[in-house]
Colleague: 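Take a look at this one; I'll ask things after.
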Amino acid sequence: MANTLRTLDPKLAALAKSECNEEQAQRAEIIATIQTWITKSPHLKAPTDEQLILAFLRRCRFSQEETKRRFDNYYSLRSEFPEVLGSRQVDDALLTQLQRGIHVIPMRPVSPEGPRVIISQFRNIDPKKSNPREAFKLVFIMLELLALECDNASISGLVWVVDARDVTMEQMMQYDPFLLKKAFALVDQCIPLRFVEIHMINMRKEGQTIFNFVTKFLPSKLPFKFVVHKKSEDLYQHLPRDAMTIEYGGTNGYHAEAVDHWRQKLLDSKDYLAKDAQCGTNEKLRVGLASAWANGELDGMSGSFRKLELD
């Protein structure tokens with residue numbers, strides 16, 4: 001098989017080594033080992049794409065056993081969470097969801113070696129028309145395409161900026177506890193990218209009650225930095241202006257440009273996503289232990305949950 005791995009910029013390669021334990025000279029051989037494992041696992045129907053496997057390896061700091069576990073979790077969840085991970089048609093419903101601008105990924109990373117940013121504006125949810133499962137479906141498709149195409153995302157991670165301005169309880173009530181717990185398990189235990197920071201901006205006192213409904217389903221100990229800001233300007237104590245779109249006083253293009261860019265990317269990925277929708281696991285063919293989902297290991301978040309507090 002021809003080596004299709006992208007060559008890294010020296011600074012990004014150094015970061016890949018320090019953050020992900022990635023050795024440029026060895027990665028092709030390690031990827032080949034994972035590819036062999038996939039093809040020899042009778043229960044797995046999954047892609048052997050080098051860049052996707054590399055993203056999983058980076059997420060797991062090149063631990064092969066951890067990579068296999070996360071990869072298996074990701075594809076076994078297809079049957080457990082079909083409304084979000086099952087159908088991956090690039091149709092009018094998906095493109096309409098994108099056009100609403102609930103979730104936007106600006107064009108450039110934070111810096112040449114920095115993470116990618118996702119901006120979420122939940123005020124754009126139409127409770128009568130929006131389906132939160134469709135919104136999650138779109139986000140996880142976008143994240144998989146980032147894992148395939150963006151080394152910054154797979155090495156430096158993701159920063160999620162949630163704009164709490166003008167969000168109503170009716171909008172947030174769309175997100176039921178089952179959906180939120182499954183989505184968090186997917187982020188925490190399955191996807192090949194890691195969130196390094198979450199920032200909630202424009203958080204007023206009245207917004208606390210609304211967002212506490214959502215954040216109470218997150219564990220009290222999170223694997224990323226979680227910061228709440230009253231004003232969007234406070235965000236720039238943590239991120240450079242280059243990270244955010246022009247609407248937020250940044251320099252990373254307009255929201256509409258990002259939406260157009262992703263519309264084209266989704267259309268270009270139509271065949272890949274249609275083929276990818278066929279992937280998953282056949283648990284009847286699994287050799288050895290049952291999947292983490294079947295065991296109930298990833299079913300819910302037990303223990304104490306966090307309460308949102310303003311500084």
Side-chain angles (χ1 to χ4, degrees), residues 1-78 85 105 109-110 112-116 118 139-159 185-197 223-224 269 272-273 275-276 279-281 286 288-289 291-293 297-298:
M1 185 181 289
N3 188 333
T4 57
L5 297 174
R6 290 184 292 271
T7 303
L8 294 178
D9 163 272
K11 287 184 180 177
L12 203 53
L15 203 59
K17 184 173 182 177
S18 63
E19 292 293 316
C20 312
N21 287 333
E22 180 175 334
E23 297 286 352
Q24 301 297 297
Q26 297 170 7
R27 60 185 192 170
E29 184 183 342
I30 295 170
I31 288 167
T33 303
I34 301 294
Q35 287 172 323
T36 301
W37 168 76
I38 294 168
T39 55
K40 290 188 174 180
S41 298
H43 69 287
L44 258 182
K45 185 180 180 184
T48 55
D49 183 276
E50 288 183 320
Q51 285 294 160
L52 186 63
I53 292 170
L54 179 58
F56 274 98
L57 282 163
R58 285 170 173 165
R59 176 65 180 82
C60 301
R61 293 182 58 80
F62 268 75
S63 160
Q64 291 186 45
E65 289 312 306
E66 179 62 24
T67 299
K68 290 174 186 178
R69 189 190 68 81
R70 181 171 284 270
F71 192 91
D72 192 276
N73 284 349
Y74 188 57
Y75 287 97
S76 64
L77 188 56
R78 296 291 176 95
L85 294 175
I105 301 178
V110 169
E113 297 82 48
R116 288 297 291 260
I118 302 170
V139 168
F140 287 118
I141 285 174
M142 291 166 84
L143 292 181
E144 185 168 319
L145 294 178
L146 267 187
L148 279 164
E149 298 176 11
C150 179
D151 291 306
N152 285 72
S154 60
I155 294 168
S156 300
L158 304 167
V159 174
L186 182 53
V187 168
D188 190 44
Q189 301 288 334
C190 306
I191 67 168
L193 298 176
R194 66 190 170 98
F195 283 84
V196 290
E197 296 178 18
F224 40 71
S269 305
Y272 166 81
L273 291 167
K275 187 179 176 185
D276 187 63
C279 294
T281 58
R286 185 185 288 273
L289 295 173
S291 75
W293 301 102
E297 292 170 31
L298 304 176

Colleague: The criterion is ring pair (Phe, Tyr, Trp, His ring centres under 6.0 Å); which residues satisfy it with Phe62, sequence neighbours excluded?
Modeller: none
Colleague: Quick check for you: to the nearest 0.5 Å, what is the distance between Leu193 atom CG and Leu158 atom CG?
Modeller: 5.0 Å
Colleague: Between Glu22 and Leu8, does the side chain to side chain contact (heavy atoms under 4.5 Å, CB included) criterion hold? Intermediate values first, please.
Modeller: CA-CA 11 Å; Glu22 180 175 334; Leu8 294 178; 3.9 Å; yes
Colleague: Less than 4.5 Å apart, any side-chain heavy atom of Ser76 and any of Arg286?
Modeller: yes
Colleague: How would you list, by chain and number, every residue that makes a side-chain hydrogen bond (donor to acceptor under 3.5 Å, both in side chains) with Gln64, sequence neighbours excluded?
Modeller: none
Colleague: Taking atom CG of Leu54 and atom CZ of Arg27, what is their separation to the nearest 0.5 Å?
Modeller: 5.5 Å
Colleague: If the condition is side-chain hydrogen bond (donor to acceptor under 3.5 Å, both in side chains), which residues does Asn21 pass it with, not counting sequence neighbours?
Modeller: Arg61
Colleague: Which heavy atom in Ala147 sits nearest to a heavy atom in Pro192, and how many Å separate them?
Modeller: CB-CG, 3.8 Å
Colleague: Heavy-atom distance under 4.5 Å between the side chains of Pro112 and Asp9, does that happen here?
Modeller: no
Colleague: Check whether any side-chain heavy atom of Pro47 sits under 4.5 Å from a side-chain heavy atom of Cys279, and report yes or no.
Modeller: yes
Colleague: Hey, are the side chains of Ile155 and Cys20 touching, using non-hydrogen atoms and a 4.5 Å cut-off?
Modeller: yes
Colleague: What pairs meet the side chain to side chain donor-acceptor pair (under 3.5 Å) rule with one or both residues in residues 140-155, with sequence neighbours excluded?
Modeller: Arg6-Asp151, Arg58-Asp151, Arg58-Ser154, Tyr74-Glu144, Arg88-Glu144, Glu144-Tyr272, Glu149-Lys265
Colleague: Count the heavy atoms belonging to other residues, nucleotides or ligands that lie under 6.0 Å from NZ of Lys68, then report whether that count exceeds 12.
Modeller: yes
Colleague: Go through the structure and list residues passing side-chain hydrogen bond (donor to acceptor under 3.5 Å, both in side chains) with Thr67, not counting sequence neighbours.
Modeller: none
Colleague: Just how far is it from atom CD of Glu29 to atom CD1 of Ile34, taken to the nearest 0.5 Å?
Modeller: 11.5 Å
Colleague: Would you give the length of the straight line joining atom CD of Glu19 to atom CZ of Arg194, rounded to the nearest 0.5 angstrom?
Modeller: 5.5 Å
Colleague: Describe, in one word, how the ring planes of Phe56 and Phe71 are oriented to each other, choosing from parallel (under 30°), tilted (30 to 60°) and perpendicular (over 60°).
Modeller: perpendicular
Colleague: About how many Å separate CD1 of Ile141 and CG of Asp276, when rounded to the nearest 0.5 Å?
Modeller: 8.5 Å
Colleague: Apply side chain to side chain contact (heavy atoms under 4.5 Å, CB included) to the pair Leu143 and Ile118, showing each step before the final yes or no.
Modeller: CA-CA 10 Å; Leu143 292 181; Ile118 302 170; 3.6 Å; yes
Colleague: Are the side chains of Asp72 and His43 in touch, meaning some heavy atoms are under 4.5 Å apart?
Modeller: yes
Colleague: Kindly indicate whether the side chain of Lys45, heavy atoms from C-beta on, has any atom under 4.5 Å from the side chain of Arg78.
Modeller: no
Colleague: How long is the gap from CZ on Arg69 to SG on Cys60, to the nearest 0.5 Å?
Modeller: 7.5 Å
Colleague: Taking the side chain as every heavy atom from C-beta outward, state whether Lys17 and Gln24 have any pair of such atoms under 4.5 Å apart.
Modeller: no
Colleague: Which residues pass the side-chain hydrogen bond (donor to acceptor under 3.5 Å, both in side chains) test with Gln51, not counting sequence neighbours?
Modeller: none
Colleague: State, yes or no, whether a side-chain contact exists between Val196 and Ser156 at a heavy-atom distance under 4.5 Å.
Modeller: no
Colleague: Checking the side chain of Ser41 only, and the main-chain atoms of Leu44 only, is there a donor and an acceptor separated by less than 3.5 Å?
Modeller: no
Colleague: What is the minimum heavy-atom distance between Cys190 and Asn73, and which atoms define it?
Modeller: SG-CB, 3.7 Å
